[in-house]
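If you read the sequence from its start, that first residue is 1, and numbering goes on from there. Heavy-atom basis, side chains included; hydrogens, waters and symmetry copies ignored.
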Amino acid sequence: MSASRLARDNAPRRVDAVVIGAGFAGLYAIYKLREMGLSHAAFEQGGGVGGTWYWNRYPGASSDSESWVYAYSFSEALEQEWTWSCRFPGQAEILRYLEHVADRFELRPAFAFNTRVTAATYDEATGLWRVETEHGEQVLAQFLITAVGCLSAAQVPQIAGLEDFKGRWYHTGQWPHEGVDFTGLRVGVVGTGSSGIQSIPVIAKQAAHLTVFQRTPNFSVPARNAPLSPAQIADLKANIKTIRETCRWSTIGQPYDWKADEALKQSPAALRAQFEADWAKGGFEWMFGSFSDLLADPAANALAAEFVREKIRDVVQDPATASKLIPQGYPIGTKRLPLDADYFETFNRPNVALVDLRDTPIERVVDTGIRTSRQTFELDAIVFATGFDAMTGPLNRIGIRGRGNEPLAAKWSAGPQTYLGVCTRGFPNLFMVTGPGSPSVLGNMPTSIEQHVDWICELLTHLRAVGATTVEPTAEAEAEWGAHVKALADDTLFPQADSWYMGANIPGKPRVFLPYIGGFGTYRKLCAEIAANGYEGFRIT
Ligand code: NA7
């Protein structure tokens with residue numbers, strides 16, 4: 001149906017469920033709802049499926065989870081017929097995969113694309129959600145399922161003078177679909193999180209000159225991406241069920257887990273041998289499949305941090321540049337650890353310069369570039385790799401209002417309050433896939449998404465079975481969950497870093513650790529127990 005037709009014909013449509021978002025989560029939600037025979041409407045603000053992989057088309061954008069686990073596991077046929085080209089697939093390949101899934105399971109027709117949801121209001125009299133779109137369509141639904149991603153609200157910093165800039169500027173999370181040719185240009189990249197660390201080596205190879213504006217030096221671990229051989233592919237396909245089952249019960253949704261050993265109990269030689277062996281493998285395993293005390297004990301963490309600092313010093317030829325790149329002042333792994341392909345090596349290139357914003361902060365953007373407290377850098381293009389208003393940002397922006405017309409953003413003004421990261425009191429029948437307070441971003445997203453969608457759909461089935469219409473967490477359950485999420489985080493080193501996990505990257509955002517850090521497997525078990533006990537902590541009416 002065309003947008004203009006929707007606007008004309010705006011009598012509310014009535015469905016069982018509305019889904020917002022057509023990424024990994026939204027596609028699977030539609031698949032499940034259809035399987036359950038629930039009528040649905042679905043909206044996606046982008047022009048196609050893909051979510052994260054629709055928007056993040058910046059050079060070097062890639063998954064940091066291995067391809068064979070960064071995928072759905074709900075269909076054995078899909079697992080067998082789809083073949084990944086390499087260990088860490090790039091954005092284009094993942095988008096192709098999601099497009100394939102959308103076509104193979106005929107999910108596209110469910111979605112209205114290029115359609116932003118502008119409001120979702122719960123009507124207490126009818127018990128229905130009224131969902132409104134930018135085109136004026138209104139839908140009434142019993143259930144509202146948000147599948148809006150955790151890192152989808154792009155954050156462009158408020159830097160004075162940006163409107164004066166005569167060149168072009170970009171945010172990595174809103175990259176032009178036609179691509180950007182930096183050939184012959186003087187480019188500035190602001191930000192050295194995962195997006196900066198993935199894009200900087202690629203942009204450096206194309207641009208005439210690249211200036212990297214770094215606020216906080218980052219640890220990074222080599223990805224060691226490589227094509228998959230036919231033998232590896234055959235082996236992975238033969239064992240995929242076991243691999244995915246291991247992911248489901250692991251700490252971070254990956255096919256490995258912490259080693260039982262503690263770093264502090266190792267001899268220096270044994271410690272180095274293990275670190276080197278894991279470093280040679282590449283990927284997250286170096287940190288998250290390693291010694292069990294790395295993220296809990298500051299002394300153990302310091303050993304890991306020093307190992308990476310040494311690696312940086314070994315690679316970066318200019319000692320002054322190396323010293324600016326060496327992370328200090330926060331534990332390794334407590335800001336989301338990037339994986340890279342020759343990130344530190346890139347600073348040995350003659351066309352790459354590093355600006356340390358702690359020494360010389362950005363004062364403003366001027367028509368010809370970026371002015372710091374020391375000098376003006378002449379630039380033709382600026383790339384903001386400055387991240388996202390994580391987890392709460394995408395939800396707060398929708399315009400969700402619950403009982404008593406209370407805005408979700410108001411309820412969460414001091415930080416998100418949820419039960420299991422899925423539901424929030426005062427917003428009956430609202431289900432957030434990978435919401436704040438869920439494990440989500442602390443590991444492999446598809447593993448998390450499938451668990452959430454399955455669990456939500458089982459709850460919907462339960463409601464139908466018992467003849468109930470409404471589900472909502474109790475005040476006690478929500479408060480307890482919030483306290484539990486905080487207590488678990490406080491037992492780790494995570495709260496020490498100014499990370500997006502803590503909301504610290506967004507000026508004015510409450511400092512709250514957003515995800516649940518108890519582990520995917522533990523969370524899955526807990527959710528199953530809660531369901532088995534008649535959905536403990538929920539009021540079902
Ligand atoms: P991140 O990880 O939030 O990184 C953003 C980077 O931008 C980080 O280095 C920030 O420095 C920097 N930043 C943010 N605002 C500014 C301003 N105003 N001035 C200078 N520098 C700034 O976002 P990414 O997109 O890289 O990654 C997000 C997630 O996507 C990633 O973790 C994966 O899960 C996938 P800071 O460290 O805050 O000092």
Is it true that [Y] and [X] share a donor-acceptor pair across their side chains at a distance under 3.5 Å?
X	Y	answer
S194	R336	yes
E93	S85	yes
Q254	S65	yes

In terms of relative ring orientation, are [X] and [Y] parallel, tilted or perpendicular, with 30° and 60° separating the classes?
X	Y	answer
F288	W258	perpendicular
W53	Y70	perpendicular
Y97	W84	tilted

Is the CZ atom of R364 crowded by more than 12 outside heavy atoms at less than 6.0 Å? yes

Is it the case that more than 12 heavy atoms not belonging to E163 sit under 6.0 Å from its CD atom? yes

Would T368 and K166 count as a side-chain hydrogen bond (donor to acceptor under 3.5 Å, both in side chains) here? Give the steps. CA-CA 6 Å; T368 56; K166 294 281 188 289; over 6 Å; no

Report yes if the side chains of [X] and [Y] come closer than 4.5 Å at any heavy-atom pair, otherwise no.
X	Y	value
L514	Y501	no
V190	I370	yes
F520	T251	no
Q45	F113	no
W286	F275	yes
L295	P331	no
T392	K509	yes
T386	H171	yes

Check F165, Y58, W169 against F384 for a ring pair (Phe, Tyr, Trp, His ring centres under 6.0 Å) and give me the one that passes. W169

What's the spacing between [X] [atom1] and [Y] [atom2] if we round to 0.5 Å?
X	Y	atom1	atom2	value
H452	S438	NE2	OG	4.0 Å
I197	D342	CD1	CG	12.5 Å
M432	T146	CE	OG1	6.5 Å
E450	M445	CD	CE	12.0 Å
S199	F182	OG	CZ	8.5 Å
Y72	I449	OH	CD1	7.0 Å

Start with the C-alpha distance between Q198 and D64, add both sets of side-chain angles, then the distance that settles side-chain hydrogen bond (donor to acceptor under 3.5 Å, both in side chains), and finish with yes or no. CA-CA 10 Å; Q198 288 188 341; D64 285 340; 3.2 Å; yes

Between [X] and [Y], is there a donor-acceptor pair closer than 3.5 Å when you use the side chain of the first and the backbone of the second?
X	Y	result
S63	P89	no
Y523	L420	yes
D389	A153	no

Show me the donor-acceptor pairs, under 3.5 Å and distance only, between side chains in residues 208-226 and residues at least two apart or in other chains.
from : atom 1 : to   : atom 2 : distance (Å)
Q214 : NE2    : K324 : O      : 2.9
N218 : ND2    : T192 : O      : 2.7
S220 : OG     : P338 : O      : 3.4
S220 : OG     : D340 : OD1    : 2.7
R224 : NE     : W279 : O      : 2.9
R224 : NE     : A280 : O      : 3.0
R224 : NH2    : W279 : O      : 3.2
N225 : OD1    : R87  : N      : 3.3
N225 : OD1    : F88  : N      : 2.8
N225 : ND2    : F88  : O      : 3.0

Just to verify, what does R349 make a side chain to side chain contact (heavy atoms under 4.5 Å, CB included) with, not counting sequence neighbours? A204, K205, T346, N351, V352

Charged tip of R374 within 45° of F377 ring normal and under 6.0 Å: no

Centre of Y330's six-membered ring, under 6.0 Å away, within 45 degrees of the axis: is that where NZ or CZ of K335 sits? yes

Thinking salt bridges, do D278 and K281 make one under a 4.0 Å N-O criterion? yes

